[in-house]
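Below is one structure, written out as structure tokens, with a few remarks after it.
Predicted model only: the values in this text are computed from it and were never measured.
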Amino acid sequence: MSAAPKSKSNTVKAQDTLREMIFSGDLLPGSTYLEAELAELLGMSRTPVREAALRLEAQGLLEVRPRHGVRITPVAPSDMEEIYEILTELEGLCAEKAADAGHSEEEVAALEEAIRHMDEALAAEDREAWAAADEEFHSALIRLGHNRRVEVICAMYNDQVRRARAVTLWLRPLPTESNEAHRAVCKAIRNCDAETAGRLHRAHRREARVLLTELLKRHGLRNV
């Protein structure tokens, strides 16, 4: 008889809830909250909230300020440029390794499934579903790199990218070119063409960086 799955600790529950509130904009960038305020908001004691805040601080989502509460960290265009530079190289490396290594059919199928979800979302003009499928693709690609440390680093920075993209998602044109770029990278991986896979994915990430940061600057979204 298999053991029942462990329930989440209050610290993990608080961390997950606070993260979603940051992404949804319920906790505004640049705003400050007392620890007691957050505890009351979440219906928890202060201890798990404090521990969750420290974890989210390590992920760059907020800043714990002793005796002054918790400040939700803004993400400026310059921050996104730096983050995208890192993600461009790390994900490009993953694309190369995925094409070079003996990847399984299941792993590549996960990329193709994500692209299918992106296509369906675009056909329905459902930008939120497209964003979720886009994250699905990048997560699958990073897993294909088979490097746990790269996965941890990318996960940390992707949280900040997700925040900025949530704000700019409705300001950009429908991302049809992004779907085609993903499809080309997937094809190169299937063909075991590491050079092409890495080159195409880096080019795609650079274009995404330019688009996102320009939207942030153009619309004055310097504290998203």
Any ion pair linking [Y] and [X] (charged N to carboxylate O, less than 4.0 Å)?
| X | Y | result |
| --- | --- | --- |
| Glu20 | Arg162 | yes |
| Arg46 | Glu51 | no |
| Arg67 | Glu35 | no |
| Glu91 | Arg205 | yes |
| Glu107 | Arg143 | no |
| Arg183 | Asp119 | yes |
| Asp16 | Arg19 | yes |
| Arg199 | Glu96 | no |

Given side chains that start at C-beta, do those of [X] and [Y] come closer than 4.5 Å, heavy atoms only?
| X | Y | answer |
| --- | --- | --- |
| Val70 | Glu63 | no |
| Leu144 | Cys94 | no |
| Ile142 | Asn158 | yes |
| Leu87 | Cys154 | yes |
| Met21 | Leu42 | yes |
| Leu174 | Glu125 | yes |
| Val161 | Met80 | yes |
| Thr88 | Arg209 | no |

What are the two closest non-hydrogen atoms of [X] and [Y], and how far apart are they?
| X | Y | value |
| --- | --- | --- |
| Ser178 | His204 | OG-CE1, 3.3 Å |
| Ala52 | Ala14 | CB-CB, 3.7 Å |
| Gly92 | Arg202 | C-NH2, 3.6 Å |
| Glu136 | Ala114 | OE2-CA, 3.6 Å |
| Ser45 | Val49 | O-CG2, 3.5 Å |
| Val108 | Cys186 | CG1-SG, 4.2 Å |

- Item | Main-chain N/O of Asp193 paired to Asn191 side chain as donor or acceptor, under 3.5 Å |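 Judged by distance alone, no pair lies under 3.5 Å.
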
- Message: In terms of relative ring orientation, are His182 and His201 parallel, tilted or perpendicular, with 30° and 60° separating the classes?
- Response: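 Ring orientation of His182 relative to His201: perpendicular.
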
Following the transitive rule for hydrophobic clusters with a side-chain heavy-atom cut-off under 4.5 Å over Ile, Leu, Val, Met, Phe, Trp and Tyr, establish whether [X] and [Y] coincide in one cluster.
| X | Y | result |
| --- | --- | --- |
| Phe137 | Leu93 | no |
| Val150 | Ile86 | yes |
| Leu34 | Leu41 | no |
| Leu211 | Leu171 | yes |
| Val210 | Tyr157 | no |

In Å, rounded to the nearest 0.5 Å, how long is the span from [atom1] of [X] to [atom2] of [Y]?
| X | Y | atom1 | atom2 | answer |
| --- | --- | --- | --- | --- |
| Tyr33 | Glu40 | OH | CD | 13.5 Å |
| Thr11 | Lys13 | OG1 | NZ | 10.5 Å |
| Asp134 | Met118 | CG | CE | 4.5 Å |
| Thr213 | Ile83 | OG1 | CD1 | 11.5 Å |
| Lys97 | Asn147 | NZ | CG | 5.0 Å |
| Leu27 | Thr73 | CG | OG1 | 11.5 Å |

- Can Leu122 and Asn179 be said to form a side chain to side chain contact (heavy atoms under 4.5 Å, CB included), step by step? CA-CA 9 Å; Leu122 276 190; Asn179 286 25; 3.3 Å; yes

- Task: Please step through side chain to side chain contact (heavy atoms under 4.5 Å, CB included) for the pair Arg206 and Glu85, ending with a clear verdict.
- Result: CA-CA 8 Å; Arg206 290 187 189 107; Glu85 283 180 0; over 6 Å; no

- Message: Show, in sequence, the C-alpha distance, side-chain angles and deciding distance for Lys217 and Glu81, and conclude whether the salt bridge (charged side-chain N to carboxylate O under 4.0 Å, His left out) test is met.
- Response: CA-CA 12 Å; Lys217 293 173 183 175; Glu81 288 175 351; 3.2 Å; yes

- Query: What do the steps show when you test Leu111 against Ile189 for side chain to side chain contact (heavy atoms under 4.5 Å, CB included), and what is the final call?
  - Reply: CA-CA 10 Å; Leu111 291 178; Ile189 291 172; 3.8 Å; yes

- Go through the steps for Glu112 and Arg190 under the test side chain to side chain contact (heavy atoms under 4.5 Å, CB included), then give the verdict. CA-CA 10 Å; Glu112 294 172 337; Arg190 271 214 174 274; 2.7 Å; yes

